[in-house]
Asks: 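I have a structure here, written as C-alpha cells, and I will follow up with some questions on it.
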There are 2 protein chains.
Amino acid sequence: MDKNELFNKLVSFTSSVHRVTNELTKNTKSNSISQVQYNILEFIAVSQPVTPSEINDCLSMSMSNTSRELSKLSEKKLIKKVNDSKDRRKQYIHLSKDGEVIMKEAFATIETRFLNRIQHASKEDLEEIERAIDTLQEKLFHP
Amino acid sequence: MDKNELFNKLVSFTSSVHRVTNELTKNTKSNSISQVQYNILEFIAVSQPVTPSEINDCLSMSMSNTSRELSKLSEKKLIKKVNDSKDRRKQYIHLSKDGEVIMKEAFATIETRFLNRIQHASKEDLEEIERAIDTLQEKLFHP
DNA sequence: CAATTTAGTTATCAAATGATAATTAAGAGG
DNA sequence: CCTCTTAATTATCATTTGATAACTAAATTG
C-alpha cells in the first residue's frame with residue numbers, strides 16, 4: 001500500500017467532488033440573498049446549530065464580515081440566534097421557518113440535478129456508491 | 001434503494017469532504033501570494049493546463065478578476081500562458097518552474113497532514129479507502 | 001464575404017470584504 | 001478578587017471583487 005499514491009488519489013478525488021458540487025449547486029440561491037448569505041444558510045442547514053465562530057472558520061471569512069452578514073440574515077428573518085444556556089458568550093444559529101423554506105427549495109433543485117446525474121445507474125451501482133460513501137465517511141472524513 | 005436517502009448521504013458526505021479539505025489546506029499558501037492567487041495556482045496544478053474561462057467558471061469568479069489575477073501571477077513568474085495552436089483566441093495556463101516549486105511545497109504540507117490523519121489506519125482500512133475512492137470517482141464524480 | 005459569437009483584456013466605479021481597533025460581556029485560572 | 005482569554009459586535013478604512021462597457025482578435029455561421 002503506497003500512501004503517497006493514495007494521497008494523489010485523494011487530491012484528484014476532492015477536486016472532482018468540488019467540481020460536481022459546483023455543478024449541482026450553481027444558481028440555486030434565491031434572488032433575495034447574496035452568494036455569501038446563501039453559503040452561510042447552506043452551512044447552517046447542514047450543520048445546525050452553529051456558532052458565528054464556526055461559520056467564519058468553516059467558510060473562511062473574517063469575524064467582522066460574519067457578524068455583519070448574520071445581522072443582515074437576522075433582519076431578513078432567515079435565521080434565529082439562541083444564547084447558550086451554559087456559556088452565555090456563545091450563540092447558536094438556527095434557520096428560521098422562512099430560512100428553512102428557502103433552503104428546502106434550494107435542496108430540491110440540487111436533488112433534481114443529482115437524480116438526473118445518477119439516472120442511468122443500476123441498482124447494484126447505487127448500492128455500491130452508498131457503501132463507498134459510508135466507508136469514506138467512517139474511515140477517512142468523519143473523525 | 002432509496003435515492004432520497006442516498007442524496008441525504010451525499011449532502012452530509014460532501015460537507016465532510018469540504019470540512020476536511022479546509023483543515024488540510026489551511027495556511028498552506030506562501031506569503032508572497034493572496035488566497036485567491038493560491039486557489040488559482042492550486043486549480044492549475046490539479047487540472048493543468050486550464051483556460052482563463054475554466055478558471056472563472058470553476059472558481060466562481062468574474063472574468064475581469066480572473067484576467068487581473070492571472071496578470072499578477074504572470075508578473076510574479078508563477079504561471080505561463082501558451083496560445084492554442086488551433087484556436088488562437090484560447091490560452092492554456094501552466095505553472096512555471098517557480099509556480100511548480102510553490103505548489104510542491106504546499107502539497108508537501110498537505111500530504112504531511114493527510115498522513116497524520118490516516119496514521120492509525122490499518123493496511124486493510126487503507127485498501128478499503130482506496131477502493132471506495134475508485135468507486136465514487138468512477139460511478140459518481142467522474143462523468 | 002458579412003454578421004455573429006467566443007475568448008480574453010482593460011478601465012472605471014460601486015459593492016463586498018478583511019484588517020484593525022475599541023468595546024461589551026462572560027468564562028477561566030490564579 | 002484580579003487578570004487573562006474567549007465570543008461577539010460595531011465602526012472605520014483600505015483592498016478586493018464584480019459588473020459593466022468598450023475593445024481586440026479570431027472563430028463560426030450562413
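To find a chain, count down the sequence lines: A is the first, B the second, and so on, and within it residues start at 1. Side chains are part of it too, since the values below use all heavy atoms of this structure and drop only hydrogens, waters and symmetry mates.
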Asks: Taking atom P of dA19(D) as reference, at what distance in whole Å does atom CG of Asn56(B) sit?
Replies: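 Roughly 11 Å, once rounded to whole Å.
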Asks: Checking Glu54(B) against Ser47(B) for the side chain to side chain donor-acceptor pair (under 3.5 Å) test, could you report, in this order, the C-alpha distance in whole Å, the side-chain angles of both residues, the deciding distance, and whether it holds?
Replies: CA-CA 10 Å; Glu54(B) 286 167 347; Ser47(B) 313; over 6 Å; no
Asks: Is Lys139(B) salt-bridged to Asp125(A), going by a charged N under 4.0 Å from an acidic O?
Replies: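 Result for this pair is yes, salt bridge flagged.
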Asks: Just how far, in rounded Å, is P of dT6(D) from CE of Met63(A)?
Replies: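 Checked: the CE to P distance equals 12 Å.
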Asks: Using every non-hydrogen atom in the two residues, find where Ile110(B) and Leu24(B) come nearest and quote the distance to one decimal.
Replies: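 So the minimum-distance heavy-atom pair works out to CG1-O, 3.6 Å.
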Asks: Over how many whole Å does the gap from Lys90(A) atom NZ to dT5(D) atom P extend?
Replies: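 Checked: the NZ to P distance equals 18 Å.
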Asks: Describe, as an angle rounded to 10 degrees, how the axis at the first end of the helix from dC1(C)-dG30(D) to dG30(C)-dC1(D) is tilted relative to the axis at the last end, five pairs per end.
Replies: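 Between the first-five-pair axis and the last-five-pair axis there is 50°.
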Asks: Identify whether the distance between the nearest side-chain nitrogen and carboxylate oxygen of Asp57(B) and Lys26(A) falls below 4.0 Å.
Replies: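 Salt bridge present between Asp57(B) and Lys26(A).
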Asks: Near DNA chain D, counting only heavy atoms under 4.0 Å, which residues of residues 42-54 of chain A show up?
Replies: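 Correct list: Thr51(A), Pro52(A), Ser53(A).
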Asks: How does protein contact run along nucleotides 14-23 of chain C, one letter per nucleotide 5' to 3', with B for base contact, S for sugar-phosphate only, - for none, heavy atoms under 4.0 Å?
Replies: ---BBBB---
Asks: For nucleotides 24-29 of chain C, just jot down a letter per nucleotide in 5' to 3' order: B, S or -, based on protein non-hydrogen atoms under 4.0 Å.
Replies: -BBS--
Asks: For Ile93(A) and dT9(D), what is the distance between atoms CD1 and C1' respectively, to the nearest whole Å?
Replies: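 After rounding, the gap between these two atoms is 12 Å.
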Asks: Using a 3.5 Å distance criterion without hydrogens, assess whether the side chain of Glu42(B) forms a donor-acceptor pair with backbone atoms of Asn39(B).
Replies: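 Not at all, since once roles are kept as given, no pair shorter than 3.5 Å links the two residues.
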Asks: Measure the acute angle between the ring planes of Phe107(A) and Phe7(B), then classify it against the limits of 30° and 60° as parallel, tilted or perpendicular.
Replies: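 The rings of Phe107(A) and Phe7(B) stand perpendicular, inter-plane angle above 60°.
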Asks: Does Gln91(A) make a side-chain N or O approach to OP1 or OP2 of dT9(D) shorter than 4.0 Å?
Replies: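 Yes, within the criterion.
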Asks: Do the charged groups of Asp84(A) and Lys86(A) touch, with an N to O distance under 4.0 Å?
Replies: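 No, Asp84(A) and Lys86(A) are not salt-bridged.
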Asks: Shorter than 3.5 Å, N or O on both sides, protein versus nucleotides 2-4 of chain C: list them out with atom names.
Replies:
none

Asks: Between Thr21(A) (side chain only) and Val17(A) (backbone N and O only), is there a donor and an acceptor less than 3.5 Å apart?
Replies: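 Flag set: sc Thr21(A) to bb Val17(A) pair under 3.5 Å.
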Asks: Is the shortest distance from a Lys or Arg side-chain nitrogen in Arg113(A) or Glu23(A) to a carboxylate oxygen in the other one below 4.0 Å?
Replies: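 Salt bridge between Arg113(A) and Glu23(A), a charged N being under 4.0 Å from a carboxylate O: no.
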Asks: What integer distance in Å separates Leu70(A):CG from dA8(D):P?
Replies: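 Rounding to the nearest Å, CG of Leu70(A) and P of dA8(D) are 9 Å apart.
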Asks: Quick one: does Lys29(A)'s side chain have a donor or acceptor within less than 3.5 Å of a partner on Ile33(A)'s backbone?
Replies: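 The answer is yes, because a donor-acceptor pair under 3.5 Å joins these two groups.
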Asks: Mind calculating the distance between CG (Asp57(A)) and C1' (dA8(D)) to the nearest angstrom?
Replies: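 After rounding, the gap between these two atoms is 15 Å.
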Asks: Just jot down the side chain to side chain donor-acceptor pair (under 3.5 Å) partners of Lys72(A), sequence neighbours excluded, or say none.
Replies: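 By the side chain to side chain donor-acceptor pair (under 3.5 Å) rule, Lys72(A) matches Glu69(A).
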Asks: Working to the nearest 0.5 angstrom, can you tell me the gap between Ile55(A) CD1 and Gln91(A) CD?
Replies: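 Going from the CD1 atom of Ile55(A) to the CD atom of Gln91(A) covers 9.5 Å.
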Asks: Parallel, tilted or perpendicular for Phe13(A) and Phe13(B), by the 30°/60° rule?
Replies: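 Taking Phe13(B) first and then Phe13(A), their aromatic rings sit tilted (interplane angle of 30° to 60°).
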Asks: With a 4.0 Å cut-off, would you call Asp98(B) and Lys76(B) a salt bridge?
Replies: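 Salt bridge: no.
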Asks: Atom CD of Gln35(B) and atom P of dT15(D): how far apart are they, to the nearest Å?
Replies: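 It works out to 19 Å between those atoms.
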Asks: Output the rounded distance in Å from CD1 (Ile55(A)) to C1' (dA8(D)).
Replies: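 Going from Ile55(A) (CD1) to dA8(D) (C1'), I get 12 Å.
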